[in-house]
4 protein chains.
Amino acid sequence: MASRVLVAGASGYAGALAARLVQRHPRLELAAVTSRSDVGKPLRALYPHHRVDAVLEELDVDGAHGEVDAAIVAYPHGAAAPAVAALHARGVKVIDLSADFRIRDLATYEDWYVPHTAPELLPSAVYGLPERYRDALRESTLVANPGCFPTAAVLALAPLAPYLTDVVIDAKTGVSGAGRAATDTTHFVSVDENVKPYKVGAHRHTPEIEQELEAAGGPAGMAISFTPHLLPLDQGELLSCYLRMADGAPPAVELLSAAYAAEPFVELVDGPPGVRDVRETNLCALHVVEDARTGRTMVFAAIDNLWKGTSSQAIQNLNLMLGFPEDEGIA
Amino acid sequence: MASRVLVAGASGYAGALAARLVQRHPRLELAAVTSRSDVGKPLRALYPHHRVDAVLEELDVDGAHGEVDAAIVAYPHGAAAPAVAALHARGVKVIDLSADFRIRDLATYEDWYVPHTAPELLPSAVYGLPERYRDALRESTLVANPGCFPTAAVLALAPLAPYLTDVVIDAKTGVSGAGRAATDTTHFVSVDENVKPYKVGAHRHTPEIEQELEAAGGPAGMAISFTPHLLPLDQGELLSCYLRMADGAPPAVELLSAAYAAEPFVELVDGPPGVRDVRETNLCALHVVEDARTGRTMVFAAIDNLWKGTSSQAIQNLNLMLGFPEDEGIA
Amino acid sequence: MASRVLVAGASGYAGALAARLVQRHPRLELAAVTSRSDVGKPLRALYPHHRVDAVLEELDVDGAHGEVDAAIVAYPHGAAAPAVAALHARGVKVIDLSADFRIRDLATYEDWYVPHTAPELLPSAVYGLPERYRDALRESTLVANPGCFPTAAVLALAPLAPYLTDVVIDAKTGVSGAGRAATDTTHFVSVDENVKPYKVGAHRHTPEIEQELEAAGGPAGMAISFTPHLLPLDQGELLSCYLRMADGAPPAVELLSAAYAAEPFVELVDGPPGVRDVRETNLCALHVVEDARTGRTMVFAAIDNLWKGTSSQAIQNLNLMLGFPEDEGIA
Amino acid sequence: MASRVLVAGASGYAGALAARLVQRHPRLELAAVTSRSDVGKPLRALYPHHRVDAVLEELDVDGAHGEVDAAIVAYPHGAAAPAVAALHARGVKVIDLSADFRIRDLATYEDWYVPHTAPELLPSAVYGLPERYRDALRESTLVANPGCFPTAAVLALAPLAPYLTDVVIDAKTGVSGAGRAATDTTHFVSVDENVKPYKVGAHRHTPEIEQELEAAGGPAGMAISFTPHLLPLDQGELLSCYLRMADGAPPAVELLSAAYAAEPFVELVDGPPGVRDVRETNLCALHVVEDARTGRTMVFAAIDNLWKGTSSQAIQNLNLMLGFPEDEGIA
């Protein structure tokens, strides 16, 4: 029998895609979709190409929505924590797409985000990067789905972490990463024929990447440079990582090959990857260049920010939590 | 009386724009446009929006084309040197848009490019970045117009050069930089919804940037990391420079402010620049961020690769060579 | 001495471009720019690439703003009429970019738009299409600048009007036509990789086109089909006109050639025009195909919606009103 | 046991997508992929995101490739007929993506295309539009997959055909429709920020649409106006149909509703469809507007030119030919 899954916050890009992936999954049933802004609208009116036949409801944790097997919560940070806590309290397995349970250190979270309303759950949350935390995810009831940039950054760098001495990440992302809100920033005329850095030195994914690199054996307290740029495209994310590694470190390509030899969704590729190569897939494509002239190691990582960067990775995590084959519904 | 200017190689993007800028310039007259591939075609058939009423001719250095006052040569590297030498020998003031006379060290040129056919002219060529070589340009009869990436990179970094200890440049460029040739790389479907690094660790603009940083007081033999990325847009170029500066260096913003206070075409701006901000202008917009967390200095530089990066800068140089106001025709 | 020009509503796309064109015009001086939403902001902060150094002010018709020689009013319809009337009452020559004075029949205006607050001025307004009303424009003190679609449609069809028996216009436009407001419709992700008809059978430019075709000798009461489509591009507008003409009508190409032989800004071109061909110009490119198979005449018209479709046409009108050469500042 | 399917010509956009859809189909096995230009290359090197692990081979009809159960032939017109004939002669069920077997009248085919090399097969070919020829397709061994424009046009208009008195179709298409060849037309800089009609009055899909409208009960010898336009997007096709219907005709919306009530892949939608709405689906979205002002009926049809317009429709046809559920693998 199919597991019943709620998607809360399905009127945003990530939630809507999650609903589509749940609906097409052979072992999942889309129990309900909720929204804070579009209650009563068919999801299909907002996202025709997803072809999800469900009507957006108000979230009702105390009622039917608390009785599902699992929930994907696609709320903004801050707003997510209370909903996650309420669903979790009713015994629902939860995957939170927000940042609320990603940062293990409460002070760091509150420093970069907002006051936390459910800090007591932080210790039980597992960081939802299967390539790093597969075993823990199988046992978990609360998964903090990684940010899109950290997904690519940690996949690119964690195997190198013990040897990293300097990290510069220049990230390029499509507009879907900015969400569905209509603003000056997301206006077509602002983005078209443009490229522009944003949140320079201040993007909230920075401490998340640092946390995971340290967890992977990187130097304590390492500060990385992370700078995102907005590009005139819809989906897709490319990270260009400029690294220095300690003397005597093994070649990066060997470390990455060893780490990902058996991984179904991480691929070392022979040439520089473009984001088109992984569009609408759960793949992360990695490419390494050792630059003898400068002594620098470069790693390029391409993902689809809405898929491996968010929603298909949530399904990958759900597969692990529910004991299904990891690639079911997202192969 | 207007100076008569030849544009050789006007069927490419840079040459065609140069022809347009010459035609609209109040003190210049477009004497002729030539092409190696489209002889006999009206330039307007190829580039209607430039509205240049001239027919592409075969280059005739020994005839009328050798009698102009000045020539802008828009040939590929290698092909440019002989044409430049022939025009120069006839007393024509030449601005070469190719790389052939940019690299002062012959061995370095031949290492990165091809055997040089006119090395005897190298000593007389002046590097055409007015903000660095204004006085020499006024006296010059042979100007090597800078590459588009070096234009932005050198404007961003030369004032900091004496203090630079580490330089990573992540460049993003529109497709016009790849030229008019129809290839798999320039096919719309390859570029659209994509972003991709190219020539990683091997782009020929690298030694040009290094030469100019060293000339600006940078450490001898400095090797920079320079990595371009192709974006789904036509014109525009953004350089994101991640720097480390020596202890005790003055703040980068002060060095840049001092260097460019009187420059008409270089602007320090308050927020991160987008390439739209400088589209179809001769401007370079610079923005500095000091990142206290990492101790790194970041400089962002935006230009239009076809304008300040190539053709309007050629006019700026021509104005200097001919004794006109520097901003005539490109303000 | 330069004529002093006010641009009211300069924070929108059309007003901002008008301000730029005024500032660079050799016989005009930009007296002031005003805005209803961004008072106090430098125009350059909103539109860096226009390089207009002026700060947005509140409109003050009774003060300094009523003392200029001419004003370009770039307000939405309905909001424009009172401002236009107030400026006109102070003796300012006004070009209104809105629809408020384009429709000569009050009932038709109010049927398609809103109640009119200054109907007494309708008789004195001249429709600002120089190719149709040049003489009247020279004498006018109040010009109703045409809509962008009507500009292209009337240029394409007016010379054929006496012979037209059936008119279908399929229009394609870039997003700048939708204005600067951030909405679901103008969100990058809504537009990118999309094309979509809008306001089908209900676009307000329809009666304006019909009025002008009737004025050009078309059948009284003719109803045309006009259907716009939104495209993933910034500026540019293409009209594909599918026509039937009365038996015995002269060939369309002859009618158009005769009409526009001496026009500086209308060009009959040999092949189908693209909007790139006229980008950032005051040109309208027309192309005629007689389809023997179907007996239908097709006319394709390309303009830049913000230039000939709005702001550069306003300058063309201003040149006429002020007695300057018609192409001054927009050639 | 899975049916074994060959895709011949898999290095083009349509063939590559067909290979992907075959590989993921639960009842099909991708037997081989062939190419005339890229033999020896892994398909994945050309189209990473399709994730098809197969190497392009030379077509060998007399060997293994003649022993498959079915073949999808993705060759250009003219080149397709001999390959189709050879495969068919070996007992392979063939779906031809080219135009070679679409036009039932040999003279018409040769008038618009090239001399036909296998005219003897024309009578046995079935036009592969399941919504029109479902029963015949179930029995067919040779299917002429429709052109992308005719797919949308015939779905939009066939149910209205008996009543149509005038048909204008203005089509807008993405660049993938122009194929993988790198040309001036497909260069990013030619397409970006542009829209342009092409093959005006001369597109080869015209007689195909006319044939099918006549077959659906339209007036004999009807000549329609069909005009395609190239847009800056990858996949997607929108047809705007401007129609006149005979007096007394039933409302178009009723005719279309009746025709498609039970169709899984044709949808009547409430508002104007955009091509994003059907991106990467086998759907055709139709929308009807009756314009009382002009007495004209408008039908808008949106498809993905590579999916329902070509490759997923081929799978739909294959499902019918092989007796599988019609939506298997493309739902």
Side-chain angles (χ1 to χ4, degrees), chain A residues 166-174 189-202 206-207 210 222-238 240-244 271-277 279 287-298 300 302, chain B residues 166-174 189-202 206-207 210 222-238 240-244 271-277 279 287-298 300 302:
Chain A
D166 193 47
V167 176
V168 171
I169 303 174
D170 183 292
K172 295 99 178 154
T173 184
V189 173
S190 303
V191 178
D192 180 54
E193 299 298 306
N194 205 0
V195 51
K196 193 172 181 167
Y198 66 97
K199 295 190 190 158
V200 178
T206 308
E210 290 172 347
M222 182 180 218
I224 64 163
S225 287
F226 170 73
T227 310
H229 298 74
L230 189 66
L231 262 57
L233 52 96
D234 175 359
Q235 290 167 230
E237 205 168 277
L238 179 76
S240 306
C241 307
Y242 303 96
L243 312 172
R244 290 205 182 275
V275 299
R276 270 190 93 93
D277 300 349
R279 188 181 165 93
H287 177 64
V288 181
V289 175
E290 300 286 354
D291 187 12
R293 285 184 69 256
T294 62
R296 214 179 285 274
T297 297
M298 293 178 262
F300 300 92
Chain B
D166 193 46
V167 176
V168 171
I169 303 175
D170 184 293
K172 295 98 179 155
T173 183
V189 173
S190 303
V191 178
D192 179 54
E193 300 298 305
N194 205 2
V195 51
K196 193 171 180 166
Y198 66 97
K199 293 189 190 158
V200 178
T206 309
E210 289 172 348
M222 181 180 220
I224 65 163
S225 287
F226 170 73
T227 310
H229 298 73
L230 189 66
L231 262 58
L233 51 95
D234 175 0
Q235 289 167 230
E237 204 168 277
L238 179 77
S240 306
C241 307
Y242 304 96
L243 312 172
R244 291 204 181 276
V275 298
R276 271 190 91 95
D277 299 352
R279 186 181 166 95
H287 176 64
V288 181
V289 175
E290 300 286 353
D291 187 12
R293 285 184 70 256
T294 61
R296 213 179 288 271
T297 296
M298 291 178 263
F300 300 92

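Here the structure is a predicted model, which means the values were calculated and not measured.
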Side chain from CB out, backbone as N, CA, C, O: work out which of these in B/V191 comes under 4.5 Å of a heavy atom of chain A, or both, or neither. neither

Measuring only between side-chain heavy atoms, which start at C-beta, is A/D234 closer than 4.5 Å to B/E193? yes

Any idea which of B/Q235, B/M298, B/M222, B/E210 has the most non-hydrogen atom pairs under 4.5 angstrom with chain A? B/E210

Need one label for B/E290: side chain, backbone, both or neither, based on atoms under 4.5 Å from any heavy atom in chain A. neither

Between A/P197, A/G295, A/A223, which shows the greatest number of heavy-atom pairs under 4.5 Å with chain B? A/P197

Toward chain A, the part of B/H287 with a non-hydrogen atom under 4.5 Å: neither

Highest number of heavy-atom pairs under 4.5 Å with chain B: which of A/L233, A/V168, A/D291, A/D170? A/D170

Taking the side chain as C-beta and beyond, is there a heavy-atom pair between A/V200 and B/S240 under 4.5 Å? no

Between A/S225, A/A202, A/G236, the one whose heavy-atom pairs under 4.5 Å with chain B are most numerous: A/S225

Flag the one option from A/T227, A/T294, A/L231, A/V195 with the top tally of heavy-atom pairs under 4.5 Å to chain B. A/V195

So A/D192 and B/R276, do their side chains get closer than 4.5 Å, heavy atoms only? yes

When the 4.5 angstrom heavy-atom criterion is applied to A/E237 and chain B, the contacting part is neither

With only heavy atoms counted, which part of B/T206 is less than 4.5 Å from chain A, the side chain, the backbone, both or neither? side chain

Give the intermediate values and the outcome of side-chain contact (heavy atoms from CB on, under 4.5 Å) for residues B/D166 and A/R296. CA-CA 11 Å; B/D166 193 46; A/R296 214 179 285 274; 2.5 Å; yes

Side chain / backbone / both / neither for B/L230 at chain A, heavy atoms under 4.5 Å: neither

Within the structure provided, determine whether B/H229 and A/H229 are in side-chain contact (heavy-atom separation under 4.5 Å). no

Closest-packed option against chain B by number of heavy-atom pairs under 4.5 Å, given A/D277, A/V275, A/I224: A/V275

Considering only heavy atoms, which portion of B/V289 lies under 4.5 Å from any heavy atom of chain A: side chain, backbone, both, or neither? side chain

